[in-house]
> 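Below are the structure tokens for one structure; questions will follow.
Proteins get letters first, then strands, A, B, ... in listed order; numbering begins at 1 in each.
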Amino acid sequence: MDVAAERFRPTRPGSREAMERLQAEIAAEATFEDAAGVTPADVHSGDALVAGVDQAFLDDRAVSAVVVLRGGEVIARESAVTPLSMPYVPGLLAFREGEPIVAALEALDVDPDLLVLDGSGRIHYREAGLAAHVGVCFDVPAVGVAKSLLCGRPRRATDALEAGERVPIEADDSMSAPEETVVGHAYQSRQYPDSTRINPLYVSPGHRLAAGTATDLVAACGGEYKLPRPTRLADRYADELKTGR
DNA sequence: GCGACAG
DNA sequence: ATCTTGTCGC
């Protein structure tokens, strides 16, 4: 697939200020409402191609793995390795992991209808998390799936949720969005029958999706584990590339 | 100064 | 994210 807007390519700008300015542009360019056509039904039927993306690290390099699914079946895989240009900084993840991700996606011969990224989308200080950055860069519907919450506040307690339940995540005063704007959801993809609790996933739209639809799509991706199938497979592939099978 | 902080 | 043994629970 091809980058739609070269100016949004996540390469490391000179300063933190420059990176934050670019994120403000990303957020302004991102659409946080349904504007693409990809529906949960399309994901189920196989009418939509879903790409799961995840990274693994080796010393000073990052390896990004992409797995494309059509109705739960793997139809393509790609990967890319690039040197790390900066350390992990909360709020600037896209500038650390974006280069290998974009490179791996560019190597794809097919064009996914939905990108599922490991990290936040709109749940971000400037509403420009990894999923928004990559989604806007390719101008493709994207959703972010994080294992922990970067910012924002759950509308109610998120412990003891049943499988399938979701709780809105509202913007707090650390974010650019008006307070209480629903920027994503805590989504309980899996849960044990009793005692032991599994933490929920934090799903947020990256581009061309409303918060509710983003979560519906992740649910439609399925999977036997906590992470949605596309992400789980990309995670395994990345680890496979890192070690050597 | 204190607390919070995707991967 | 990554480094890792043991350990709790279905």
> What is the nucleic acid contact for A:Ile123, judged by heavy atoms within less than 4.0 Å: base, sugar-phosphate only, or nothing?
nothing
> Looking only at the aromatic ring of each residue, does the gap between the centers of A:His133 and A:Phe95 stay below 6.0 angstrom?
yes
> B:dA4 C1' sits how many Å from A:Asp172 CG, rounded?
10 Å
> Taking only N and O in the side chain of A:Ser148, is any of them less than 4.0 Å away from OP1 or OP2 of B:dG7?
yes
> Does C:dT2 have OP1 or OP2 under 4.0 Å away from a side-chain N or O of A:Lys242?
yes
> Any salt bridge linking A:Glu165 with A:Arg156? Criterion: basic side-chain nitrogen under 4.0 Å from a carboxylate oxygen.
yes
> Mind checking A:Gly91 for me? I need base, sugar-phosphate or nothing, with any heavy atom below 4.0 Å counting as a touch.
base
> Between A:Lys147 and B:dA6, is there a side-chain N or O to OP1/OP2 distance below 4.0 Å?
no
> Base, sugar-phosphate alone, or nothing: which one does A:Tyr88 contact when heavy atoms must sit under 4.0 Å apart?
base
> Which whole-number value in Å describes the distance from A:Leu93 CG to B:dG7 C1'?
5 Å
> Run the salt-bridge test on A:Arg21 and A:Glu25 with the 4.0 Å N-O cut-off and return the result as yes or no.
no
> Distance to the ring centre below 6.0 angstrom and angle to the axis at most 45 degrees; does that hold for A:Arg232 and A:Tyr237?
no
> May I have the distance from A:Leu92 (atom CG) to C:dA1 (atom C1'), rounded to whole angstrom?
16 Å
> Please give, in whole Å, the distance from B:dA6 P to A:Tyr187 OH?
23 Å
> With a cut-off of less than 4.0 Å, is there a side-chain N or O of A:Tyr192 near OP1 or OP2 of C:dC10?
no
> Classify the nucleic acid contact of A:Phe95 as base, sugar-phosphate or nothing, counting any heavy atom under 4.0 Å across all strands shown.
nothing
> Would you confirm whether A:Arg208, through its side chain, and A:Ala35, through its main-chain N or O, come within 3.5 Å as a donor-acceptor pair?
yes
> Between B:dC5, B:dG7, B:dA6, which one does the side chain of A:Ser120 approach most closely?
B:dA6
> Return the value, rounded to whole Å, for the distance between atom CD of A:Glu127 and atom C1' of B:dA6.
16 Å
> Using a cut-off of 4.0 Å on non-hydrogen atoms, how would the nucleic acid contact of A:Ala56 be classed: base, sugar-phosphate, or nothing?
sugar-phosphate
